[in-house]
A.B. asks: 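I'd like to ask some things about the structure below.
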Amino acid sequence: MAVLDEIPGIKVTVEVDGETAIEYDNPASGRLSLTHDDFHLADPKRPLPYIVKYIEAIPGAPFQFRIERTRNFKFKASRVSFKAVVDGQSDHSLIGSSKENSRSYWTEVIRYLVSSKVDKNTQYYFKFKNLQVGDVDNLTPADIEKQAKKTKEWGTLLVKCFHSKKSYKSHSLRDEPVPVNTSISGARTVSEKVLKGKSVDALTEFDTKTVAMSQEFNVWPYLDTKRRPFAIFEFRYRTRNGLIEEGVIPRPPTPTPEETVRDMSEAELRRLAQELLTAERERAKATAIKEENGRRIKREHEPTSETEFQAKYKARRTDNGQLEVDLTGDD
């Protein structure tokens, strides 16, 4: 659970496939700090409370943000609101808790982005997917630059915190349709040149659902600027291999043969026994063939003296002392 000491009373987690994701510290730095008395926008040049955690992305698994506001949070406006940003994408909706309910515990989840149009909206539910990386030869320098800008926000989930107040003016959906860019969730390959060694290996894709809704609703105007929330919770997601490659979690030790066998299921043990039996049969067969070939290619005894040589090759010495060998093979 990500918490900021400077902003007591707010907790943010990411739940993957119904389970709270394990959070890992940022191996680089981790956070920027302010005292809790200065977290409002008194000085825009000062760093804002910002925490970074890593989580594991499981391809195909849905995920959601869970935000909690406890009773020890100190309100500085009539409402505290939260916005989710997924791979650089967000909508215009805010969820939040009112000061009038400050004595009670409050929690809410964000599981989708919304694109609104007149009397209906499309909900884009979050789900992890693998990032396909390969050689893309037809990219122009302009294409590479365009994709490189997008990759800066890939693999990143944000929850931004804002002070807001209730407006009693109704807001029409006709005034502000909110398109959600789903292009990055398409089935396409990203060039290795675009990533430039970045360890991002997962993205968010969306399952969509269209529902009817009221055409008018109340809004909660920001008291902070949209570009300057009073706090940010960031979650960088990678697959398990990505977390290992980035040094977030240690590489698992190579298991010993005993550990490998101990952790096998019954089916895996039967398969291993069959593989060992097959390998033993192949080894025995190869040994038998080698021995048989050795018997067939037995080398003849070579003569070691002149007497043996003359007997084998029908050789004799002439009167002048020369050695004569019969090559005709006739008796």
Side-chain angles (χ1 to χ4, degrees), residues 1-4 6-23 36 39-40 48-53 55 61-87 89-116 121-128 156-168 171 173 176 178 180 204 206-209 211-214 216-224 226 229-235 237:
M1 180 176 294
V3 295
L4 282 162
E6 304 91 336
I7 316 292
I10 293 179
K11 303 175 183 179
V12 181
T13 55
V14 176
E15 298 174 346
V16 181
D17 206 12
E19 300 291 336
T20 300
I22 298 175
E23 296 174 2
H36 69 276
F39 71 84
H40 195 251
L48 58 100
Y50 199 128
I51 188 168
V52 176
K53 294 290 184 179
I55 61 171
F63 68 89
Q64 65 184 21
F65 301 91
R66 179 170 295 278
I67 304 167
E68 300 173 70
R69 194 269 305 151
T70 57
R71 288 181 295 178
N72 61 329
F73 175 74
K74 295 181 180 180
F75 281 85
K76 294 197 173 183
S78 58
R79 181 179 170 94
V80 58
S81 298
F82 307 93
K83 174 181 287 294
V85 184
V86 178
D87 290 341
Q89 299 185 96
S90 63
D91 56 20
H92 291 159
S93 63
L94 290 174
I95 67 166
S97 171
S98 299
K99 185 176 182 180
E100 60 191 34
N101 299 319
S102 62
R103 292 183 178 273
S104 61
Y105 167 82
W106 172 89
T107 184
E108 188 60 88
V109 297
I110 304 176
R111 58 173 62 95
Y112 55 79
L113 299 179
V114 179
S115 176
S116 303
N121 66 30
T122 302
Q123 299 169 342
Y124 295 85
Y125 288 81
F126 310 137
K127 185 169 67 175
F128 290 127
T156 301
L157 309 175
L158 301 177
V159 171
K160 297 182 178 182
C161 309
F162 298 91
H163 296 294
S164 60
K165 64 179 181 178
K166 185 174 181 179
S167 170
Y168 293 94
H171 179 78
L173 289 175
E176 199 170 33
V178 186
V180 175
T204 298
F206 304 96
D207 287 335
T208 60
K209 178 182 179 181
V211 297
M213 65 177 295
S214 171
E216 295 186 347
F217 56 92
N218 292 330
V219 296
W220 299 85
Y222 292 94
L223 295 180
D224 310 286
K226 292 184 180 181
F230 69 78
I232 294 179
F233 295 80
E234 177 178 338
F235 300 88
Y237 63 89

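The basis for the numbers below is simple: all heavy atoms, side chains too, and nothing from hydrogens, waters or symmetry mates. When a residue number appears, it is its place in the shown sequence, counting from 1.
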A.B. asks: CD of Glu68 to CD1 of Ile10: how many Å apart, nearest 0.5 Å?
C.D. replies: 11.0 Å

A.B. asks: Counting C-beta onward and ignoring hydrogens, is there a side-chain heavy-atom pair between Val159 and Ile110 closer than 4.5 Å?
C.D. replies: no

A.B. asks: For residues Phe75 and Phe73, establish whether the separation of their ring centroids is below 6.0 Å.
C.D. replies: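 Centroid separation for Phe75 and Phe73: below 6.0 Å.
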
A.B. asks: Are Tyr237 and Asp87 packed together at the side-chain level, in the sense that at least one heavy-atom pair is separated by less than 4.5 angstrom?
C.D. replies: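 They are in contact (side-chain heavy atoms under 4.5 Å apart), so the answer is yes.
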
A.B. asks: Identify the two heavy atoms, one from Arg103 and one from Arg71, that lie closest to each other, and give their separation to 0.1 Å.
C.D. replies: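 Closest approach of Arg103 to Arg71, heavy atoms only: O-CD, 2.5 Å.
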
A.B. asks: Can you name the one residue among Glu15, Arg111, Lys11 that meets side chain to side chain contact (heavy atoms under 4.5 Å, CB included) with Arg66?
C.D. replies: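 When Glu15, Arg111, Lys11 are each tested with Arg66, the side chain to side chain contact (heavy atoms under 4.5 Å, CB included) holds only for Glu15.
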
A.B. asks: Please assess Ile51 against Val12 for the test side-chain contact (heavy atoms from CB on, under 4.5 Å), listing each intermediate value before the final yes or no.
C.D. replies: CA-CA 11 Å; Ile51 188 168; Val12 181; over 6 Å; no

A.B. asks: Applying side-chain contact (heavy atoms from CB on, under 4.5 Å), run through Tyr50 and Leu4 and close with a yes or a no.
C.D. replies: CA-CA 8 Å; Tyr50 199 128; Leu4 282 162; 5.9 Å; no

A.B. asks: Of all heavy-atom pairs between Ala77 and Lys99, which one has the smallest distance, and what is that distance?
C.D. replies: O-CD, 3.7 Å

A.B. asks: Parallel, tilted or perpendicular: which one describes the rings of Phe63 and Phe128, with boundaries at 30° and 60°?
C.D. replies: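 Rings of Phe63 and Phe128: parallel, under 30°.
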
A.B. asks: Give a yes or no answer on whether the side chain of Glu23 reaches the backbone of Ala2 with a donor-acceptor pair at less than 3.5 Å.
C.D. replies: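 Between the backbone of Ala2 and the side chain of Glu23 there is a qualifying donor-acceptor contact (under 3.5 Å).
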
A.B. asks: Pair Phe206, Tyr125 - check side-chain contact (heavy atoms from CB on, under 4.5 Å), show working.
C.D. replies: CA-CA 5 Å; Phe206 304 96; Tyr125 288 81; over 6 Å; no

A.B. asks: Between the side chain of Asp91 and the main-chain N/O of Val114, is any donor-acceptor distance below 3.5 Å?
C.D. replies: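 The answer is yes, because a donor-acceptor pair under 3.5 Å joins these two groups.
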
A.B. asks: Could you go through Trp106 and Val80, starting from their C-alpha distance and side-chain angles, then the distance that decides it, and tell me whether this counts as side-chain contact (heavy atoms from CB on, under 4.5 Å)?
C.D. replies: CA-CA 11 Å; Trp106 172 89; Val80 58; over 6 Å; no

A.B. asks: At their closest point, which heavy atom of Ser90 faces which heavy atom of Ala84, and how far apart are they?
C.D. replies: CB-O, 3.3 Å

A.B. asks: Between CZ of Arg79 and CZ of Phe162, what distance do you get to the nearest 0.5 Å?
C.D. replies: 13.0 Å

A.B. asks: Mind listing the closest non-hydrogen atom pair of Ser102 and Arg69 along with its distance?
C.D. replies: O-NH1, 3.3 Å

A.B. asks: Grab the two heavy atoms, one from Ile232 and one from Leu158, that are nearest each other, plus how far apart they are.
C.D. replies: CG2-CD2, 4.0 Å

A.B. asks: With heavy-atom distances below 4.5 Å as the criterion, would you say the side chains of Val14 and Phe65 are in contact?
C.D. replies: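 SC-SC contact between Val14 and Phe65 confirmed.
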
A.B. asks: Quick one: which of Val109, Thr107, Ile95 gives a side chain to side chain contact (heavy atoms under 4.5 Å, CB included) with Ile67?
C.D. replies: Ile95

A.B. asks: To the nearest 0.5 angstrom, please state how far the CD1 atom of Ile22 sits from the NZ atom of Lys53.
C.D. replies: 12.5 Å

A.B. asks: For the residue pair Val16 and Ala61, what are the closest heavy atoms and their distance?
C.D. replies: CG1-CB, 3.9 Å

A.B. asks: Could you give the distance from CD (Glu234) to NZ (Lys160), rounded to the nearest 0.5 Å?
C.D. replies: 10.5 Å

